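Worksheet: one structure, shown below.
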Amino acid sequence: MKIDTRLAQIGSKSDPETGAVSYPIYQSTAFRHPRLGQSTGFDYARTKSPTRAVLEEAVAELESGDAGFACSSGMAALQTVFSLFQQGDHLIVSVDLYGGTYRLLERIMAKFGITTSYVDTNDLQQLEEAYQSNTKAVLIETPTNPLMMITDIRKVSAWARDKGLLTIVDNTLLTPYFQRPIELGADIVVHSATKYLAGHNDVLAGLIVTKGKELSEEMAMLHNAIGAVLGPQDSWLLMRGMKTLALRMERHQSNAKAICAWLAEHPLVEEVYYPALPDHPGYDVHNAQSSGNTGIFSFRVKDARLVEPFLRHLDLIAFAESLGGVESLLTYPAVQTHADIPEEIRRKLGVDDRLLRYSVGIEHPDDLIADLAQAFDRAYAEIT
Ligand SMILES: *Cc1c(COP(=O)(O)O)cnc(C)c1O
């Protein structure tokens with residue numbers, strides 16, 4: 001069955017007793033045992049809960065994995081995954097990393113003796129140089145945010161497998177609709193489901209998908225032991241959002257392409273970062289591993305003085321953090337999402353004071369372009 005169909009049908013056949021098409025919210029945390037030594041399959045909601053279980057099964061299937069785990073946020077999902085590791089272990093991670101993941105690694109995991117090297121994960125030489133005898137895993141974001149760097153998942157997971165390392169992919173920006181890392185060789189997929197999967201800027205959630213029996217059992221233990229699980233109401237909201245994922249991703253993509261083409265020609269814009277543009281350095285690799293493009297992209301304006309008035313004059317597009325929702329949000333990474341990454345690293349990467357990141361919503365592209373155009377015009381008038 002095609003992924004669009006599977007998405008629309010999430011949970012629709014999971015309640016044969018009542019025939020409910022929208023799977024119910026089971027709020028109960030406790031489940032009665034029929035008799036000693038028997039269970040309905042549910043005992044206590046932290047371990048397993050009916051509404052969450054339908055979501056977890058759905059995401060495991062969508063990502064071609066063996067087990068899914070729903071967490072209270074994307075960071076909770078990453079913390080649960082990082083709990084696979086122990087004191088003395090070392091990780092290799094994409095250098096243009098989500099700021100919250102960087103903070104978790106540097107402020108929390110480091111306290112437990114887990115060290116991290118940040119490299120361009122698409123460069124095998126950099127991976128080889130970062131590799132140590134205690135390295136346990138590679139964590140990839142592709143595309144990265146905000147610089148949209150691309151990593152070849154097939155190449156890196158083959159390299160990692162050869163060395164006995166796990167490959168973990170944060171697939172938040174593309175979702176299984178456009179990219180399925182496990183099919184390309186990854187062992188674990190992580191999502192901030194807060195973003196595209198939920199899609200409406202109204203649910204905080206994280207998901208983990210594992211491949212392989214042993215890894216899935218280990219993750220189930222960690223998920224239950226740590227307890228950062230997703231509640232039934234949010235599990236339901238997330239499934240409700242995922243039913244329209246295919247439609248939304250297509251529109252996010254077409255809007256992003258139209259706006260990037262317009263921005264690339266704009267006299268106040270120096271550079272546009274979007275892997276669907278043929279001159280993007282990761283264009284071929286991206287197309288070989290993904291069936292489409294995200295609605296996130298970044299652009300660098302020619303003059304840093306434009307940023308403040310540009311953001312102030314945006315009318316329709318909201319100046320706000322987060323991404324992946326139906327509403328357009330535009331952020332200033334250097335002071336918002338990436339403020340936790342040291343300035344020296346940020347500058348080296350190119351996350352500077354002229355870089356803006358746009359998460360395109362599903363509004364009509366003409367309205368979005370008109371808003372950007374008037375904000376540029378008014379910002380330019382103010383600084384000249
Ligand atoms: C937002 C985000 C996270 C963190 O997820 P939360 O749901 O905010 O906890 C992790 N990775 C990426 C790529 C993200 O965009």
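We number each residue from 1, following the sequence as shown. Start at 1 and go down the list; that is how both ligands and their atoms are numbered. In this text, all values refer to a predicted model and were calculated from it rather than measured experimentally.
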Next item on the list: With sequence neighbours left out, write down each residue that passes side-chain contact (heavy atoms from CB on, under 4.5 Å) with S14, or none if nothing qualifies.
Entry: Y23, V54
Next item on the list: Before accepting this row, confirm whether a basic side-chain N of the pair R312/E308 lies closer than 4.0 Å to the acidic partner's carboxylate O.
Entry: yes
Check ligand 1 against the protein and report each N/O to N/O distance under 3.5 Å, formatted as atom name, atom name, distance.
unit_1   : atom_1 : unit_2 : atom_2 : d
ligand 1 : 5 (O)  : S192   : OG     : 2.9
ligand 1 : 7 (O)  : G74    : N      : 2.9
ligand 1 : 7 (O)  : S192   : OG     : 2.8
ligand 1 : 7 (O)  : T194   : OG1    : 2.6
ligand 1 : 9 (O)  : G74    : N      : 3.0
ligand 1 : 9 (O)  : M75    : N      : 2.9
ligand 1 : 11 (N) : D170   : OD2    : 2.7
ligand 1 : 15 (O) : K195   : NZ     : 2.7

Item checked: Salt bridge D234-R52, side-chain N to carboxylate O under 4.0 Å -> no
Next item on the list: State whether K163 and E128 are salt-bridged, where the test is any N-O pair (Lys NZ or Arg NE/NH1/NH2 against Asp/Glu carboxylate O) under 4.0 Å.
Entry: yes
Note to self: Does this structure show an ion pair linking K136 with D89, if we count only N-O contacts that are shorter than 4.0 Å?
What the structure shows: yes
Check: Quick check: does any side chain N or O of Q253 sit under 3.5 Å from a backbone N or O of N293, one acting as donor and the other as acceptor?
Finding: yes
